Each structure stands twice: as C-alpha cells, then as structure tokens.
Amino acid sequence: MNAVEMLGITKRFNGMPANDNVDFYVEKGEIHSLLGENGAGKTTLMNILFGMYRADSGIIKINGEEVSISSPRVAIENGISMVHQHFMLVDSLTVTENIVLGQEPKKGPFFDLEDAFRQIGELADRYHFKVDPRAKISELSVGVRQRVEILKALYHKADILILDEPTAVLTPQEVDDLFTVLRGLKEDGKTVIIITHKLKETMAVADSVTILRKGKKVTRLPIEEVDEQKLADLMVGRFVDLNIKKKDLRADRPVRISLEDIVLEKNGKNVLDHVSLEIRSGEILGIAGVEGNGQTELIEVITGIERRYSGRITEDGRDITGTDAAGMLKVIGHIPEDRGMRGYISNFSNWENLILGYHTLPQYMTRQGILKTKQIRKDAQEAIEVYDVRTEGIDQPTGSLSGGNQQKLIVGRALKHHNGVLVAAQPTRGVDIGAIEYIHSQLMAVRDSGGAVILISADLDEIVKLSDRIAVIYEGRIAACRPASGFTESELGAYMLGKGDSADEE
Amino acid sequence: MKNKITDFLKRSQILVSAASLILALLICGLVIAVCGYSPMEAYGAMLKGAFGSKYYFSQTLGTMIPLVFSGLAMLMAVKVGIFNIGIEGQMLVGSFAAALAGRYITGLPKIIHLPLALLAGAMMGGLWALIAAWLKNALGINEVILTIMLNYVAQYVVSYLVSFPFHAEGNVVRTEDIQPTASMTTMVAHTRLYTGIYLAVAATVLIWLMLRYTKFGYELRAVGSNSSAAETAGINAKRYILAAMFLSGALAGIGGAGEVLGYWGYYIPTMTQGYGFDGIAIATMGRSEPLGTFISAFLFGALRNGATGMNRSTSIPGELIEVLEGLVILFVSTPGIFRAARKIIRARNERRTGNGLSA
C-alpha cells in the first residue's frame, strides 16, 4: 500500500520546469529519502504535496485515494505534515504552547494550559522524545527544537511526515538522535520522507530512495541496491570523485598566521574566549563546531571586520593586530560564510564582483583612482573560464546566477588574489555536488602549493575530509585542537557539544 | 549591435519609463475628458507651451536646470543607499548662501566671484546634508526623519534671516540684489534659461563618469547596494555615507544657487519651493541613472511649462497638469505594476499550455 502517490507531476516557474512529469511514491511505514542536488526540484515536489504550490498537471493520491491538496490546511487534514528547514516556532513561548498553537485544548472559553502540558508530556513519552513540555523554545538547542517541530506534526495527527534537509543544522550526535526518533516513528506505522542532498544520511536511515535530477525523476531504488558512489553518480549524472586525494604534508610548515589569546566581548559575554590558533603553510586547519559558538566572530576578527578584540595577531611573526579589513584582505583571502550578505553584491555585474575588495590593486586601478575597466574585464573573462562560472557573460548581474556559480565566482576571486593564506568559511554551503568536488579540489591545491587554509564549516564531513588539523570551538573557546587523525567522529561531536572532557573520561 | 541596443533598453528600463509616461498621458486625457474639456486641445496647448517657440522651449530648458540638480542630488543619495528627503532644505540654504555671497563679497572679478558664490551654495547645501549623515552614522537615527526635520529648520531660520537681518529695502521680503560680478548670463532674453544649463550637463556627465569609472564611484555603489559586502571588501561604509550625502547636498545647493545667480538675482522665499521633492520623483523616473535623471528633469520642465501654456490659451485649469504629474510618478515608481502584469500574462499563457498537456 502506498501512503503517497504522485503521478505525472509537472510544475513550471516562469516557463522553466521545476518538476517535469515526475512520478513519486512512498510505501506506508517506510523512511524514504528524496535525493537530489539544489535545484533538482525536491522541495518543489514536496511543497506540492504539502499544498504550498499547485502542480500544473498531475495527480496526487493519499492512501490510494485521489485528493486535491489546495493548501497546507488540506494537507494536514489528509495527515500530511512538513517540518521546514527553518523552524517555525515562537521563541518566547513554551514547547507546549508552540505545539498546540491553533488547536488549543479548552476548558470552557479558556485555554487549558495544564491539560496541554499533560497531553504534550504524554505524546513526548510515547515516542521517547526527551523534551520538557514547559521549557521555553529560546532555551532549547537546535536539535531539541527540531523534535518540537516533529511533535507538533504528531500532535496534528500526521501520518506522513516530510522533513526538509533535517540534518543541515545538527551535530553528529543530534543526527543520531534524530535517526532514532525517525525509526521510532516508523515502528509506530508513520511514513517519513526526508528531503536531502546528503548521501551518508540516505544510506544510514532510509529504506528506499528517489533521485531527482534537473526536475526529472532519475530512478527509485531500495537502499540495499545502492551505495554512496552510485547515489552520487545518479544525482549528478556523471562519475563524481568522492575521494579527495590528499598529498602528504610537507616537512617544513612554518606558521603563517598566529592568533594569540584573542578575547572578544559582545553584550557582556566573551564570544571569543582566549582563543589561540596557529595556521601553518601547507595545511588546512578545520574549525569544527555547532553554528553560533563563535565561528562568525572568529572569521570577523581574522579578516579585520571586527577590530575591538584584545590579544595579538601576527603574520610571519609580524604584528598585524588591529589591521582593518582592507589591510587584512591584502594578507588573507576570504571566502565569506554568508555569500548573499558578505560575498557579492547582487546588482553588480560579474566583472564588478570579481574585483570586489581587490579593486584597488595596481593592475585594476590607476594611482588617480580610475578603474582600468578594459584590463578588469579581460581578467574577469579569464576568471569565469578558469573557475568554471556558468554565466551569460561578465556583464550579467551576479545576483541572477545560481548559488553554486555565485560561490564559484567568490571562491575564484579569493583564489586568484590571495597571498598564501585563505579563510574559507562554509565554502560549499548550498552548492551542488559537482561544484563541491571542484571547490574542495581547489582548496586542496592551495594547501598542496604551500598555502595556509582555515576552513570553517558546519558540515563536519567536510571538515574531516579536508583538514590536516582540527580545532573544535565551543562557546567561544577552543575546546580541542589536534591533528585530524587524533579525533574519532564521536569525540568531535562530544567536543562540539561541550562534553569533550567527560567523553574522554568515560 | 542590435543586441546591444535591446540590452541597453532592457537595462536602463527606458521602456518602462516611456510606457508609464504614455499610460499617464492616456489616463490624464480621460480625466480631462471627464471634466468636460477636450484632451486634444489640452495636449495641443501643452505641447505649444513647452516646445512651441524658441521662447517656450527656452523656458522649458530653464525650468529644468534646478530640477536636474535636485534629481542628481537624489540620485547621489540613493546610490549610497540613503533616502535624502532633505534636498528641499539643502537647496534653500544653498540659494540663500549664494545670495549673500553674491551680494556682500565685493571687488572681485566675475571669473572668481561667480564660482565663489556657487561654491558658497554648494558648501552650505553640502554641510546641511552632512548634519543628517553625521547624526545617522553617530547615533543611528533614521535619515528620513532627520532630513525632513532639517527642512523645517532650514525654512524657518532662513525665513528669519531674510525677514530681519538681510531684509532688502522696500516692502518685499527678499535680499538685496547680487553684484553683477556674481550673476550668470541669461541666454535667451526674458526667459529662465541661463548658463546654468551647461553646469547641469557637466554635472550629469561627471557623475556618470564618476560612478562608472572611478574607485570612488565603485565603492560608493558597493556601499549603497550591500554595505556588509562592502565592509567585507575593506570599504569604509560610514565614510561613503558622509561623502555621498555631502555631494548630494552640494548638488542641491548648486541648484538653488543657480536660481539666485542666474534667474532671480536675489533670494526670495519660496523661490525653490517644491524642487527638492520634485528631485525624488525625477531621480525615480530616471531610474537613478544620471542620463535618465537628466531626461526626466527635461520632461518635468516641459510638463511645467506645458501647464502654463495650457492655462494661458485654454480654459482648462492648470491643476489638471498636476494630476498628470502625479500619474507619471505613480506609474514610474511602481514598475511592480508592469512586472506583475507581465507575470499574470505569462502565467495565463502557461496555464493554457499546461491544461493542453493534461487534457
């Protein structure tokens, strides 16, 4: 019996098909992975199922019956619920209040809060969720918030649960916890669909997988018949090299950049708490940590955007403490963590964005402050070819490129101009596998040619795969810093959650 | 070549602006008809009033001079991401400063005195705008509120100064005549057209070159488009906000100074009234590009003189022209209307093909 059946779904945006005659089904009581790159049409397909969009053509059957899902409300009535990537919770309310919102238990005309607490407590116990129904959302970690979202779906009597990129913001432990939760739901007869582009997770938790590519269904397979390599190839449509070839470390790796006892205070709290790090040439230093533990501030300090810190920064032994962003950029290349916010200017053309931050270099500007547009445009043309930026041309506004190509442009800009030190923050966030492969190999090339790379990423796999040394940051402190081989994955996870030392003792 | 032209049209969105103008003309024609007048007669009279003879055309060109400056002033502010509602006040203090410099500095040859008087207007306008920019940077106060309030301060302070300390002899509230050495030449006798038009052209070209080809313009646009990205690129956003606002105010000040030195010959209250606010509409209609702003200032000048012509030769009230102006601004500043219309049409076409497929 199929819980969900979608037949011949087509959906176009501005004439471009996001879903092209897609057939999709999920059996009742299975965990199904909907796998594909960004822009493959996964989320569109699920938004159609959840009633956020209407398909241009095609039919939907729930438990064998054809239904017309015109809005999320209708979807919920049909037992479908969706947990979005960005949680929709009210921070100042309790877990219970958030869950019952809109369907509050009543005592007469009044909201019966005690009854609500009781109901949610029972619901959480039944699925072995460790959630305190009386806790405020603002006090909870991301992983627990996600469980609240799932509880909300269950409270609304969902039988079919859609999770959009559920692990994007979780630590390895939290991912494991989530999978346990999902398996529990499955035992209870619920149907689970996870939208993801992560191969490892699909292998770990799914019973079957549907692969979408460029809006079309590629295939549907039981998980026993695939492995990570096969999934990657099907997703991209060509052979993808998942393994990075790491050359041996060079013998001499002098320290390029050194941070000594950096303290940064914000709102009375040390967001960077006596951080000391050495970045050596010829190696990649990975900074692992749950987002919001000081990574952003660390990047801002190293790149000179934030200058109100105490402590010392040196480059090749020379004191560069307090240098501003313009000065730091001459020393340290920067791939910003939030490309939309800091990486590029959306209404600037590609050639204008390709010199952003480097526009004052003598090859781009005369001493009188006149831009050498001819030279800039020539270099830009070369750069988009070398760094494989797919675009209509150097005059196209960067804002209208796909995310992956925007990122390649930003990475290309940093690679072209850096002076042997590179801060790469979330270098592959929201980027397709093909582009990830490319960006990883470029970062490796920088390392192999003697460059020093600091890699900050929320994606632990990326850190583990690329780094020579890993520093774990937790609440603004470096909880541990060792060669990459010195950590097991669970140790890393423990340090990321601030339980590093207890994990060592156990 | 053909591609280049269509590209240019697409990018500068001239089509949208032109379409808005035509639409506004059509609707205003309807309004005129409903009011019981003949639209053809009205538009005929307007055309004559704006372009009908050398005199009328010169009047149109003369009217556009301060409008070019207020439009460019708005453009400068918009480019750095600030909404400068204070152009009105900046023009006012600029014109008053120029009137004083033109009157009380004596014994200089024209080649020095005239630029000095213009500079006085520019500096005063620029400094007035700088107050708002500085307060925004230092205290984070919203620039819209600051500039609106500074308009009132400018209006009443200058009103006091012209009413008492600098009141010219006679009953009229105005300043004394400027020295001949500070005056700009009238190009066509008995019209508003003075040599300031050359300044307007020069300012337009210079700003275009500056924005497109210099480090200053590049960084300024970067700050205005995405200040975080600009900061990441090592650009000091606050400094650019100060610089662009100073330039914006200075342009407004020159516009006001030109009216004193080229047309009136003295400062008289309300002489620049409304020009500052027109600048907002003009820059918007010009898509915040220098050339577009110049063209839309010309169009506004033509509308103004067309209205005068219509008043003179028909019984149609000139207020109807204000309806037209309002409609033009409405359509131009809401390109969303066009985008939405396009989307609806496209969606409708798609639905048709979509249905075709499923059937």
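Model, not experiment: these values are computed from the prediction. Within every chain, numbering begins at 1; the chains are lettered A, B, ... in the order of the sequence lines, protein sequences first and strands thereafter.
- Looking at A/N347, its side chain never comes within 3.5 Å of a backbone N or O of B/S225 through a donor-acceptor pair.
- Side-chain contact check for B/Y218 versus A/L356: some heavy-atom pair is nearer than 4.5 Å.
- Neither the backbone nor the side chain of A/Q368 comes within less than 4.5 Å of any heavy atom of chain B.
- Within the 4.5 angstrom heavy-atom criterion, only side-chain atoms of A/T373, from C-beta onward, approach chain B.
- Few gaps surround NZ on A/K416; more than 12 heavy atoms of other groups in view lie less than 6.0 Å from it.
- Interface residue A/Y344: only backbone heavy atoms are found under 4.5 Å from chain B.
- In this structure, the portion of B/R212 lying under 4.5 Å from any heavy atom of chain A is its backbone and not its side chain.
- Of all heavy-atom pairs between B/G234 and A/A325, the closest is CA-CB, 3.7 Å.
- Other residues, nucleotides and ligands place more than 12 heavy atoms under 6.0 Å from the NZ atom of A/K372.
- Comparing A/I305, A/D324, A/N353 by heavy-atom pairs within less than 4.5 Å of chain B, the highest count is held by A/I305.
- Atom-to-atom distance recorded for A/I370:CD1 and B/M210:CE is 11.0 Å, nearest 0.5 angstrom.
- Atom CG of B/L139 has more than 12 heavy atoms from other residues, nucleotides or ligands within 6.0 Å.
- With a 4.5 angstrom heavy-atom cutoff, A/M365 touches chain B only via side-chain atoms.
- Contact detail for B/T232 and A/L329: the closest heavy-atom pair is O-CD2, 4.1 Å.
- Using a 4.5 Å heavy-atom cutoff, the side chains of A/T360 and B/K215 are in contact.
- The environment of A/K378 atom NZ is sparse: at most 12 non-hydrogen atoms of other residues, nucleotides or ligands sit within 6.0 angstrom.
- When atom types are taken as modelled, the side chain of A/R342 and the backbone of B/A229 share no donor-acceptor pair closer than 3.5 angstrom.
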